Every structure is written in structure tokens, then in C-alpha cells.
Amino acid sequence: MVTLTINGKQVQVPDGSTILQACRLHGIELPTLCYDPDLRLAGSCRMCIVEVKGRPLFLAACVAPAENGMVVETESPDIVQARKVILELLLARHGGKCLTCEKNGNCKLQDYCYQYGVSDTRYADGGRHHYPIDDPNPFIERDYNKCIMCTRCVRACEGITMARAINVKNRGHNAKIATAFDGNLADSPCVFCGQCIMVCPVGALTSKVSAGLGRAYEVEKVLTTCTYCGTGCTLELNVKDNRVVGVTSNRSADWSPVNRGALCVKGRFGWDFINSPERLPTPLIKENGEFREASWDEALDLVASRLQKIKEESGPDSMAVFTSARITNEENYLAQKFARAVLGTNNVDHCARL
Amino acid sequence: MAEELRIVLRNADKIDASNINDYIKAGGYTALEKARRMEPRAVIEEVKKANLRGRGGAGFNAGLKWSFVPPAETKYVVCNLDEGEPGTYKDRTIVQKDPQTLLEGMAICAHAIGSRQGYIYCRGEYPYLVEHLNNAIAQAKAAGVLGDFDIEVRMGGGAYVCGEETALIESIEGHRGEPRFKPPFPGVAGLWAQPTVVNNVETFANLPEIINKGADWFASIGAASYPGTKVLTLTGDVVNRIAIEVPTNTTIRQVIYEFGGGIRNGRKFKAVQIGGTSGGFIPESLLDTPIDFDSMRNIGATLGTGAVFVMDDTRDIVDIVTRIAKFFEHESCGKCNPCREGTFRCYEIMKKINRGAATARDIDNITVLARVMQKAALCGLGQAAPGPIMTTLQHFRHEYERKLLS
Amino acid sequence: MTNSINELEKDAKAIFVIGSNTTENHPVIGMKIKKNVLENGAKLVVADPRRTDLADLADVYMQHRPGTDVALLNGMMNVIISEGLADQDFIAANTEGYEAMAEVVAKYTPEYVETITGVPAADIRRAARLYAEAGAAVICYAMGLTQHSTGTDNVKSVCNLAMLTGNIGRPGTGVDPLRGQNNVQGACDMGGLPNVLTAYQQVANDAARAKFEEAWNVSLPAKPGLTLTETINKAHHGEMKALVIIGENPMMSDPDLHHVEEALEKLDFLVVQDIFMSETAKYADVVLPGACFAEKDGTFSNTERRVQRVRKAVDPPGQARVDWQIICDLATRMGYPMSYSSAEDIFEEMRKLTPSYAGMTYARLEGKGLQWPCPAEDHPGTPFLHKDGKFSRGKGAFSAIEFIEPRELPDGEYPLILTTGRSLFHYHTGTMTRRCVALDEHVPAAEVEINPALAGQLGIEDGEMVRLSTRRGSLEVKAKVTDILAEDVVFMTFHFAETAVNWLTNADSLDPVAKIPEYKVCAARLDKI
């Protein structure tokens, strides 16, 4: 164990902890923009800086090891002022189009500006970027005018998806996230998993499929399991007014045991079939080669009587049920029970082979 | 009259630098032989005792740095020849005039820490040194003096930040030249995550003489806390624009007036910036300060790489600092917020002051920003970039005030 | 999967991927494999007729001729045995049938296997060594291994390989089929198969049946039923009268759609329960509107046997109803009352009859879910099977398997091999993903992948429309010229109704045991239009 003093309080933390971990373990919150516990550390946003007695420089708590005897201040006047200046510098770059931003209300830059009372910036005579927002891919909106260069997208692409589609281009103030040769994502190794959207702390990367459908504070998130392949990824359906308006993911291993927040393009962007106008809203009965709408009573009575008649005339084994790899376990259980107990046949199968 | 004392440049202009035999005849590689007869621990102790402090600018005890290297299968010795500081050409001079002393120094370090692979990271603007070094390495290998220690030369791409040791390592690994956070320090996890000693050319070049003549000899030269010599490169409004090697207790005044021959064209001295672009500006009143690391730090200046940039009384300090701000805005790698945005805004404000459009409020803003950069930036580039602004505001504030809108 | 997905990211020291385009079909598993390879230095061996993304990353990539998996696997085992890399202790303690297997494998020298598969003998040797010497090696496979007339043999062969090297029953080892559909594991576990009740209790087993008869208060048929492919064949013969299809789309997914179409048309009565008017629903007499995964509560079981919750987020559209309620209503109207208050209520009945699910409750499934077998409420679930080399049948049985050629081989008229699969951007028959605006915009149509040399021979440019034909029929499709395939192999996805490749595939070529169709090999020809 390591013993150190944080904000006047002596605390103990496990060996190998960073100052940030030590703080969080003891209920002291520090602002972070580039830090992400699942990604390679960057130590670059400098929001989590702290003052350590005897050290001439501020230490970035996310990468600085907690050491025995350290005396740490997390909100000293100098630290608060430094954070304010950093936020002002970021605001000067970012532009702050909060009114139309998808991430309004779910933006770390906004949160920290609120926390530190930063409403304006001293440092904005010019130099705001005017990058075109023109990547034509249908999944990911890339508005680098809002980018604060935390590089979480780069590190998620390289460390979760392992696609390495994006990296930092140019230097200094002109540094920018880009694919090789700064082209479109479709011409890069991007697989459109949207892990970059998942980790972006601001509104630089957002889902085009969810655009305009609701802000984070307007939606209810329902944790469920993906409907596509057999991996069994956990995802969150974002619901507004009884309508699915997007998918996000939960990164906790306790709630997302398989994928820990990672999704693929289908899981993250392939949800709008739910709202498709082609969904079937009523039972249909075919008459003279044409379907007509029917009530449930009529349709179910028809099915029940036809099946009953065939069972009586041709025997149970002249019937079969194809159950489904798409429906739930409970429904599969009932489907095979229906085949065996009601129809009286073991002719039940599904697409396991297809 | 002060005199040069040549340790690293001991063979300069006396031997054919392209011929290893000349170097050997001059006593070359006897130190390596001697070191190899010593226990690696003892070599480290000797260097530590000599109090050889890093000549790249950070001034850390080289032996102490080596002593942190943990046991590992693979370790690397890396020579920092990314001499990107404007006005600095000491490393180039050493390599041009005596490349074998660098190789011998690296090999001594390799023996001390147990490394079999060295790299020399050569500044992108020094392409002509690569062939010279490869030739020197080939001769050393042919002569068998390096033993099982191999050295490769790697070329930089011209980024100033790659002189920072972790950015340099990233660059060798083939990544963007961006500094890493520390710890872990390279000595523990450096090149390809293996223990790596990174030292400057001048540091390595001191080693053969230290081993041959002993730690006590070296420790007795110059300033006690930063013994030995320092190679300085004189530029600007000084009569003799030359490279010199002097004991570290030499004063700035001696450097400018005795070695540099004073100010050109009979003008008056205004300021000197020592240590490179990020060095502090020193006024007349502080010229009797010795150039050693600690004395310089005590006056808010730096020894840095040993560049000595002299300015006469016609120079516009604000204009010069504006140009320096432009340099850092250009050379910031963009990784951390304080440096990426801070260098940009420093330049923005300096331009505003320089063109006469600023108010006292802008001075306040740049001061606040500079302080944050000095303490919060990720690497030395961002931390040091505001130095010229802060020291000129301290010593030459009137030149700023003259340009402000009333 | 015998083992768990996250072991692929950290525990496996070598990963052998055969017949799985993991990064496209199981993208998140693909990410984990890549992470292990790129960050931890795990070794990767890939065998696939297409040079997939993983193949590009592999230490050894073997581009074998489609349908020669048994030969390739026997070749690897030949190397392992002849070089003394087999785990003799494991074999002696936990297996039987080794000698017979070894006897067959003896003739599959790498040089001989090279003549069958086209894979250089040296690569077979390197692959075998990487797998055998890793300490913890796992085999991942998918439909590329199973959709063959020798699918069962192929799977038995990978089991042989795992047992031969003792790569079973420990973290990072195992035989991991990557199942292609969200709840295909659950559909099997729940007895959605013609020969078994839940948890693979045989319908022919009197005791098992008796248990269900008592619980369900009905007498149950003992004779195993027909598989899906057999059902379609029987319908084609006019012997099947009625078919109830829930959330399946055989008019896209089954081989030889002419055959399926004729079969469906011969039925007296077809009911389709679905969320869309699928290609199959069009043939129905009655279509019942069901609910999608977002509209109901329940559970899915993933490929690593993990049972996880599905939660209702929104109501079904219009009058559409949750599928289990439709089944209940239908059963009740047929004189067998089914009444449940909730999905959980059904789960409670199911688990009492299902030993591997017996210990699961909705409360326990909160959060991480549970991996079966989970026989009791205090059982933590089972991340990997066959711990300490214990197999469910006692000793693990080696199978002695000879290589058999695929059923329909290229000839003068149809000189190419057609193989089918999926794209990253679409899912199965496209019922859902074709109705996702972004996915369908990004990949709106099928393409047939052809090798540049073949394209050159036929004078076909990239993007040109071509005619792809088999004995079943032909279709016009855009050509994509790519060198990821061998010269005589063409590939097409089966997601697109407009150009459904299953009009061309072969319904006659089934695995004799599993009745799985040979989607991965049929003879084809390509013509410039």
C-alpha cells in the first residue's frame, strides 16, 4: 500500500496506483478529457493536473504514480486557474455551437466549463479552424471544428477495434485527426464500428443515423442484447417517446460482459429497421393471391382451424414448425413445445445450419 | 585572459576525423579497453563520481541515470544528435571533428549498462553527417574495437521536438515524434519498452577522458556542481562567431568579451540568450554569472545546449521574442493542450504587441498563459517555450510597454 | 464454444481460425483476436479460401481449396504426430481411438496434403508447430468449416486436433464454433431441433420424454422429426401439408431457391410469423406480425453459452404482438391452453426441465448473465467446458476421418467453385439490415468477387455486370475484382433479394449427419455479358 495526503487527508491506495486512481478511490473527482481507463494513456489534456508539494511542475494525475509521502492538492488556486486557462484555450479552438450540437448536455467540455465557471475565452483573436464537414459515409459525422484533440478516437481505433484507421496529422495548433492522406473514412481501414463516437468527449464525432432525433438527456437507455450475430454484445437502446432513436453502449464489464462497450457497425448503426415503415402492423390473410388485413381473432382462428384439420386428416408429421434463431429462448421453448405438445410432431428446426 | 580547455574537442583539427587509426594513435579506445576491464558497476560509479551532468540541457548526472537501468534481456544506448536548437552546432562540430570519441563514449556506456545495441539519432538537417558516422562505425567495426556492441544511425525528419528524448524514441520506433509522459523514464522503459539510456553527443564524448584520467580529475575542473567543460556556440552580434570549449566556471562576460571578442561594430551590448531558443534573456547586470547549470538557473536563465546568442543595442527585443514565439508555434507537436494551443496564442498575442495593437490586458493574458504552460505542459518544449517571454518581461518590460496602446 | 470469448483476447497464445471471416461476421470477436495478436504477440494461423483481414495479420495463412478441410487438418495432425508434438499424457488419460485416427492420418503427409489442398507443405508444417507448441491454443471456426457435405467430418477433425495437443479444458484453449446468429445457440438449447428437447435431451429417450410429458401434461412423439432441409424436401415431394415459420426466411437462406419455392407452393397451408413481409412471407396463407428484439423481454444465449437478458424498450408497431403471446394464443385456440404472465414465467417453467439452465433466474442473469451449464442456483456458470480433460461422454473420442471431395466439383461446363458468405455491413437474409438506411446506403448491392487473372481471361473489368451460373440457374451481378481469392474460386454474399445467390446453390448436397447444405462449394461458371 502507498500512503499519501490528498487535500489534507491521509489516504492509502494499492501499490501501482496513479494519483487519479488514488483520488477516485477516495471520492475525489478530477476532471479528465483524454483519460480513458480502457485505452493507452496519453496524459495530454492536462485537465487532471495536481500540485504535489516539492515538485516544481504540475503532475497529470492520470499518469503520475502515487508515491509514499506525497502531499497532493487537487483544487489549489493555481490548479484551478490552470484548468480555467486550459478550458479557455480549448474553447477558443472548439467554437461552442452547443445550441445545435448532438452532444449538448452530454459533453465533457461543457461540463467542465460549467464546473469552473468558464463562459468565454481570453484567447480567441483568431485561429479557429474551418474544416469542411463532408465525409460522405452514412454512419459517422466528423466535425473536427469541435475536436479538442484528446485523441481518444485514435486510441480506441487502435486499441479496441485494432483498425488503425485514423491518427494525428500535422503539428501544433494545426494538428488534426485524419485518415491517411486526410481522406474519407470509406477509403481507410475504418470498419465503421463507431468506437470513436463512443469515446469522443465532445460533439466532434456523432452518429449520422441518430442525428436530430434526441439529446442524451431526452432519451431513456434500455440495456439489451444485440440482435445480429452470435457474439452477444450488450448495447443500450436509446428511446425517446416510445421510439428507438439510437444505440449507445455500456463499457462496464459488469454490465457488458462480452463486448465491454465495443460494437460493430451493425450493432451501433443498424437499429432503424425497428422503425421501418415496412414493419407489419396487422395480421394478413391471403385471399385470391392477395393479402388483406385481418383481425387477430380472425387470423388466429383461421390458423388454428387449418392446422387442426390437417393434423386430423394427414397426421401430425405432415406439419412442421421452423422456429428461429432470432427470437428469444422463451419463445423458442414455446415454439418447440407448440410443435411437440400441440401439433404432436418433432418436426421442429431452425436455421442453425444456414 | 580566460583559456579554452578541450576535453571533448581534444582531437579537433589535430587528427583526420575520417580515419580511425588517427584516433587510435591519439590514444583512442584505450578508455574503452580500460572500462571493459572494470566491472560495469564500477564504470557507473566512476561516471557518477565525476559528476558528469547531461550536456543536452537537462543537466542530470549521467552515472546516476545509468544506475537506474534495471536488469533486462535487451537494453539500448541512444545518442541524441537531433541538434535542433537554433544557434547550436556543438554536436555537429564534435561529430565532424572526432566521431570516434562519440562511438567510444557510447561503447563505454553500453558496457556499463549491459547493452549490445546503440542508435544515433541524427538531425534531419544534418544529412551529411550520416555518411560520416556510418563510415566511422564501419571502421570501428572493422577494427574490432566495438566488440559485440552495434551502432545504427537513424535520421530524424526535422522536427525540433524530436530532440526531447521520448519523442526521439517514438521517432526511432517509427511513430509520430511526440513526447511520452514520464514516468516511466526511458532508463526503465524506453525504446520498444526496453531500458534505454539516452544521452547527448557531448555527454558521451566526455566519457573516454573521464575513464582514462579518472573521476577526480574531471570533478576538479570548472564549477563544483557542474564540473568539466562546456562547448558553447557563439552567434549574433558578437565579433567571433565560433565554437569554444571552456571550463564551466567561466562567466558569461568572459565568453562574450574574451572569447567572443565583444560586440560587433562597436555597438553596445543589450542582451544575451543562452541555451537555445527557449533560453532566458540575460541583461548586462547579470553578465558576471558563471555559465554552469546551477548558476544559470539561479538567475532564471538556462545553460541548455550552450548556444550563446548575443544582441546589441539596436535589437528590438519584442520583435525577437515574437519570432521566437513563432518558432514554438511551428514546432509544438500538438499533443498536449497547454503547448498546442498555448504556443499558438502566445504567438498571436506577441504579434499583436509587436504591431502596436495590444493593451496592458494582453500582457496580463500572456503572463497568465505563460505560467500555465511552464507548469502544466507535458514536455520540456511547452514548459520552456514561454521562457523568453517571461524573462524579457522581467528584464526588458519597458520595450513591451513602449509598444502598447495607451 | 467450449471456451469464452474474452479468452481469445488474453489467454490464448495461438489462435487457429479456419473457415471464419471473423472480422466481418463476428466483428467484436475479430477485434479481440487482433488485439491479442497485435498487443500480446499471440500467434495466428488462418486457413480460408479467401484471404480475409485476419489472414493478412496471420503468422501462417493457408489458402486451401474449398472443401479440403479434412485433408488440411489431417496434414497438420500428421506433422504433430511425426514431430512428436502430440500431448501423449492428455491422450492417454482422457481420450480413446487415438490409434485408429493416427493410422489414417499417417498417410496425410504435408507433401500429399499439398496436392489436395494447394497449401505448401512448409506452411502446413509451420501452422502445425505454431498450434501445437503454443501451450494454450484455440481453434475458431464458423460456417466456412461446417457448410460442407463433409461438415460433420470437418468438425470432428478440429476436435481431433485439439485433443491431440491437449488444447482443451483450460483457459485460452478449446474448440470454438463462432455461431452466426444472435440466438442460434439458444434455439438449439431450447429444443428447437427435431431430435432433442431442451438441453439436448433426446426425444427418443423415454425418461426424458416422460419428464416433459408430465410437466406439459400431454403425450409426446418419440420419433425424431425432420430437419429444415429435409422438411423442405418433403414438402417438395408433396408430403408436407402445413408449415409454421417463425422469423425465418428460407426463400433467401436455403439452398436452391427454385426448390424451396416449389416446396412452399406445394404446401396446403403456410403460416409465417415475422416483422416484415419477407421473401418467404409472400408465399404464406396467413402472416402474423411479430415483435423485434427491441419490443420484448426475454433472453438470448450467445456463442459462448452465455444467457443474457433482452429487454423491452418500445412497443411493437400497430397491432403487432410479442411472438410468445402469438404462440400461446394459437396453442390455446387449438385446445392446448398456454398461459404465461411474462417471459420470466416461461423461463421459470423451462429451467425446471432444462438441467444446464436449471440454476438461472432472471435475477441472476442481471448484469453479466450466466454461461451454461449452470445446474443449480448456487452454481457460478461455466466459462469453459471439459475442465481437466473431462468430456461429457467420458473419454474424448478421436475420429479416424478420410478426406472426401465436395459433392459438386468443377468440370468443363462449370469450371469454377462458387462459395458464399456474409458482408460486414449486412446480416443474413437482409430482412433487417436492408431496411437500415445507413447500412443499405453503404452496401446497396451484391457483388461477385473474382480473381484478377480470371477477370483477365474473361475480359471482365472491376464493376462490370457479369452472369454467374450454376446447374440451378443464373443471375446477373456486378463483378468485384480482388486477389483475395484463388483463380478458380468466386465468392458472393447472400443478403440481397434482387440477386439472391441461393438461386444458384445446391440443395442436393447435404452433410449426411447434420443435413447442412454445402453452401461453400458448388460448380459455377462466369460469363461476360
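Reminder, nothing fancy here: chain letters follow the sequence lines and each chain counts from 1. This one's a predicted model, so the numbers in the text were calculated from it and none came from an experiment.
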Does some side-chain heavy atom of [Y] sit less than 4.5 Å from a side-chain heavy atom of [X]?
X: C:M338; Y: A:V342; result: yes
X: A:L235; Y: A:T248; result: no
X: C:V244; Y: C:Q273; result: no
X: A:V265; Y: A:C193; result: no
X: A:R251; Y: A:D36; result: yes
X: C:L424; Y: C:P27; result: yes
X: C:T146; Y: C:M143; result: yes

> Given A:L300, which of C:V271, C:D329, C:T332, C:V286 fulfils the side-chain contact (heavy atoms from CB on, under 4.5 Å) condition?
Replying inline: C:D329

With a 4.5 angstrom heavy-atom cut-off, could you sort out which part of [X] is near chain A: side chain, backbone, both or neither?
X: C:E295; value: side chain
X: C:K223; value: both
X: C:Y427; value: both
X: C:E239; value: backbone
X: C:H426; value: backbone
X: C:V322; value: both
X: C:A235; value: neither
X: C:K312; value: backbone
X: C:V203; value: side chain
X: C:P224; value: backbone
X: C:D345; value: neither
X: C:N195; value: backbone
X: C:F494; value: neither

Check each atom of [X] against the heavy atoms of chain C and say whether the ones under 4.5 Å are side chain, backbone, both or neither.
X: A:L237; answer: side chain
X: A:C351; answer: both
X: A:V239; answer: side chain
X: A:I310; answer: side chain
X: A:S305; answer: neither
X: A:R40; answer: neither
X: A:K311; answer: neither
X: A:R243; answer: backbone
X: A:P136; answer: backbone
X: A:E236; answer: neither
X: A:E158; answer: backbone
X: A:V209; answer: side chain
X: A:A253; answer: backbone
X: A:T345; answer: backbone

Using a 4.5 angstrom heavy-atom cutoff, name the option from [options] with the most pairs to chain A.
options: C:L220, C:D315, C:V218, C:V272; result: C:D315
options: C:S253, C:G247, C:A320, C:G191; result: C:G191
options: C:Q181, C:E441, C:E213; result: C:Q181
options: C:N302, C:I326, C:D440, C:I275; result: C:I275
options: C:E349, C:R422, C:E39; result: C:E349
options: C:A242, C:G298, C:G186; result: C:A242

>> Run C:K296 and A:E331 through salt bridge (charged side-chain N to carboxylate O under 4.0 Å, His left out) and show every step you take.
In response: CA-CA 11 Å; C:K296 56 188 162 194; A:E331 290 165 338; 2.9 Å; yes

Would you call [X]-[Y] a salt bridge at under 4.0 Å N-O?
X: A:R152; Y: A:D38; result: no
X: A:E298; Y: A:R292; result: yes
X: C:R311; Y: C:E366; result: yes

> Can you tell me how far OG1 of A:T328 sits from CZ of C:F300, rounded to the nearest 0.5 angstrom?
Replying inline: 7.0 Å

Among [options], residue most engaged with chain C (heavy-atom pairs, under 4.5 Å):
options: A:E287, A:R260, A:K221; value: A:R260
options: A:N238, A:T234, A:I160; value: A:I160
options: A:L343, A:T282, A:D241; value: A:T282

Side-chain donor-acceptor pair under 3.5 Å between [X] and [Y], yes or no?
X: A:Q195; Y: A:R268; answer: yes
X: C:D254; Y: C:N502; answer: no
X: A:T179; Y: A:S188; answer: no
X: C:S342; Y: C:D297; answer: no

>> Does C:R321 qualify as a cation-pi partner of A:W296, given the criterion of NZ or CZ under 6.0 Å from the six-membered ring centre and within 45 degrees of its axis?
In response: yes

>> Cation-pi check for C:F276 against C:R435: NZ or CZ below 6.0 Å from the six-membered ring centre and within 45 degrees of the axis, yes or no?
In response: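 Yes, a cation-pi geometry.
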
> Under 6.0 Å from the CD atom of A:E293, do we count more than 12 heavy atoms belonging to anything else shown?
Replying inline: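 No, CD of A:E293 has 12 or fewer neighbouring heavy atoms, counting only those of other groups under 6.0 Å.
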
